[in-house]
> 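Sharing a structure here in structure tokens format.
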Amino acid sequence: MPVSKRNKVVSTSSTRKKGRAGKSNLIEEIRDCLDNFKFVYVFEVQNSRNKIMKEIRTRWEPSKFFFGKNKVIQLALGKSRQDEQKPHLSEIAERISGLCGIFMTNEPKDTVLQFFNTFSEKDFARGGLVATEDITLPEGALTQFAHSMETYLRTNLGMPTELKQGIIYLRQPFKAAVKGQPLTPEQARLLKLLDVKMAEFKFRPLAVWHDGQAHDLAPGYVPGQAGDDDAMDDSDDE
């Protein structure tokens with residue numbers, strides 16, 4: 001007689017151990033790197049993409065980028081004068097909030113800040129991103145789409161389409177995006193079909209530590225949670 005799997009109990013002990021180990025490894029790696037690099041930067045990342053970030057890591061080797069739970073990174077640096085790993089590190093740890101990471105390097109400060117302030121990479125937006133422009137498809141033939149896509153456009157993306165003699169027609173104007181409003185998942189998929197890239201992957205430097213001194217690079221600025229970032233977590237957490 002087959003054994004029922006309905007009430008099967010799955011142990012979470014292995015994933016918990018992995019999470020704890022990942023956090024410990026991240027803390028240890030960050031602290032080890034503090035002795036190898038002269039500069040430690042805190043930066044905000046917007047609309048991050050793992051593929052692009054991987055290329056950036058390679059470009060900047062042997063410098064190190066670290067991502068993870070903010071509290072874990074703060075713990076690695078030190079959250080107060082009593083437990084900071086080096087003098088005044090806790091002052092840049094305070095700037096870690098929102099979608100942030102840290103960058104350790106021996107490269108000149110001017111070189112690093114130029115990169116952070118000028119890097120920009122456009123990509124396709126995902127649902128939830130605030131549209132940066134109005135995009136409306138006019139009534140009429142949608143010659144950019146193959147006739148086989150009509151059902152998908154109408155059923156999955158909610159477009160008022162119909163097929164006439166093998167050509168897809170839009171029965172009325174359709175708003176693919178409204179500037180200032182969050183994109184729906186359907187709008188995001190449509191914009192990708194239209195080859196419209198609204199997401200901009202970029203950095204904002206927030207603070208830097210060097211020679212025992214901390215400097216605020218964005219006074220008064222509070223990192224937010226805007227964007228449609230990939231999950232980047234070096235702690236290998238749950």
Side-chain angles (χ1 to χ4, degrees), residues 19 22-50 52-54 56-57 59-121 128-130 199-237:
K23 292 176 183 177
S24 298
N25 291 339
L26 178 59
I27 291 173
E28 182 178 353
E29 187 175 1
I30 289 174
R31 289 178 175 175
D32 287 344
C33 285
L34 289 173
D35 292 326
N36 300 324
F37 297 106
K38 300 176 182 178
F39 294 89
V40 183
Y41 292 85
V42 174
F43 61 88
E44 178 189 38
V45 61
Q46 298 176 8
N47 301 307
S48 62
R49 297 293 185 265
N50 287 333
I52 301 173
M53 194 64 226
K54 184 177 181 180
I56 293 173
R57 288 180 189 267
R59 186 193 313 173
W60 280 89
E61 289 179 346
S63 302
K64 296 285 189 180
F65 286 89
F66 292 100
F67 296 93
K69 296 290 188 295
N70 288 342
K71 290 183 179 180
V72 175
I73 297 178
Q74 288 175 325
L75 183 62
L77 299 176
K79 300 176 70 174
S80 66
R81 288 290 180 89
Q82 289 71 37
D83 59 12
E84 60 189 11
Q85 298 301 299
K86 290 182 180 292
H88 300 289
L89 263 181
S90 61
E91 293 178 30
I92 69 167
E94 293 175 355
R95 295 294 272 130
I96 299 175
S97 66
L99 297 169
C100 287
I102 61 173
F103 176 57
M104 296 189 184
T105 186
N106 291 323
E107 295 294 325
K109 182 178 178 181
D110 289 345
T111 301
V112 174
L113 291 182
Q114 182 181 20
F115 166 73
F116 277 141
N117 289 322
T118 61
F119 177 84
S120 175
E121 189 84 22
L129 181 76
V130 175
E200 184 181 8
F201 181 6
K202 60 183 180 179
F203 299 93
R204 181 192 290 266
L206 301 177
V208 60
W209 177 92
H210 175 60
D211 280 345
Q213 297 296 321
H215 302 279
D216 195 335
L217 300 175
Y221 177 76
V222 179
Q225 294 284 357
D228 60 354
D229 305 72
D230 282 338
M232 294 187 292
D233 192 345
D234 293 334
S235 65
D236 197 23
D237 201 3

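Start at 1 with the first residue, then count along the sequence. Below, all heavy atoms of this structure are taken into account, side chains as well, without hydrogens, waters or symmetry copies.
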> Can you measure from CD (Glu107) to CG (Leu113) and round to the nearest 0.5 angstrom?
12.5 Å
> So which atom in Gly78 and which in Ala93 form the shortest heavy-atom distance, rounded to 0.1 Å?
O-CB, 3.5 Å
> For Asn36, which residues count as a side-chain contact (heavy atoms from CB on, under 4.5 Å) partner, sequence neighbours excluded?
none
> I'd like to know whether Ile92 forms a side-chain contact (heavy atoms from CB on, under 4.5 Å) with Ile102, so could you lay out the CA-CA distance, the side-chain angles of the two residues, the decisive distance to 0.1 Å, and finally the verdict.
CA-CA 10 Å; Ile92 69 167; Ile102 61 173; 5.9 Å; no
> Describe, in one word, how the ring planes of Tyr41 and Phe39 are oriented to each other, choosing from parallel (under 30°), tilted (30 to 60°) and perpendicular (over 60°).
parallel
> Restricting to non-hydrogen atoms, name the atom on Phe37 and the atom on Pro62 that form the minimum distance, rounded to 0.1 Å.
CZ-O, 3.2 Å
> What closest approach, in Å, do Gly68 and Leu26 show between heavy atoms, and which atom pair accounts for it?
CA-CD2, 4.2 Å
> Looking at Tyr221, Phe66, Phe119, Phe67, which hits ring-ring contact (aromatic ring centres under 6.0 Å, His included) with Phe43?
Phe67
> Distance-only, no hydrogens or angles: does the Arg204 side chain make a donor-acceptor pair with backbone N or O of Gln46 under 3.5 Å?
no
> Could you check Asn106, Thr105, Asn117, Val208 and say which one makes a side chain to side chain contact (heavy atoms under 4.5 Å, CB included) with Val112?
Thr105
> What distance do Ser63 atom OG and Arg59 atom CZ have between them, rounded to the nearest 0.5 Å?
12.0 Å
> List the residues meeting side-chain contact (heavy atoms from CB on, under 4.5 Å) with Ser90, not counting sequence neighbours, and say none if there are none.
Arg81, Glu84
> Is any side-chain heavy atom of Phe203 closer than 4.5 Å to one of Phe103?
no
> Check whether Trp209 reaches the backbone of Glu91 with its side chain - one donor and one acceptor, N or O, closer than 3.5 Å.
no
> To the nearest 0.5 angstrom, please state how far the CD atom of Glu94 sits from the OG atom of Ser80.
9.5 Å
> Report the C-alpha distance between Ile30 and Met104 in whole Å, list the side-chain angles of each, state the deciding distance to 0.1 Å, and finish with yes or no for side-chain contact (heavy atoms from CB on, under 4.5 Å).
CA-CA 9 Å; Ile30 289 174; Met104 296 189 184; 3.5 Å; yes
> So how far is it from Glu200 CD to Ser120 OG, rounded to the nearest 0.5 Å?
3.0 Å
> Can you check side-chain contact (heavy atoms from CB on, under 4.5 Å) on Met53 and Arg57, steps first, answer last?
CA-CA 6 Å; Met53 194 64 226; Arg57 288 180 189 267; 4.3 Å; yes
> Would you say that Ile56 contacts Phe115 through its side chain, given a criterion of any heavy-atom pair below 4.5 Å between the two side chains?
yes
> Which pair of heavy atoms, one from Asn70 and one from Cys100, lies closest together, and at what distance?
OD1-O, 4.2 Å
> Rounded at 0.5 Å granularity, tell me how far CG in Leu77 sits from NZ in Lys86.
11.5 Å
> Tell me, which pairs form a ring-ring contact (aromatic ring centres under 6.0 Å, His included) where one or both residues lie in residues 70-99, sequence neighbours left out?
none
> Just verifying a value: how many Å separate Ile96 CD1 and Leu206 CG, rounded to the nearest 0.5 Å?
9.5 Å
> Ignoring hydrogens and geometry, is there a side-chain-to-backbone donor-acceptor pair from Asp83 to Leu75 under 3.5 Å?
no
> Between Arg31 (side chain only) and Gln85 (backbone N and O only), is there a donor and an acceptor less than 3.5 Å apart?
no
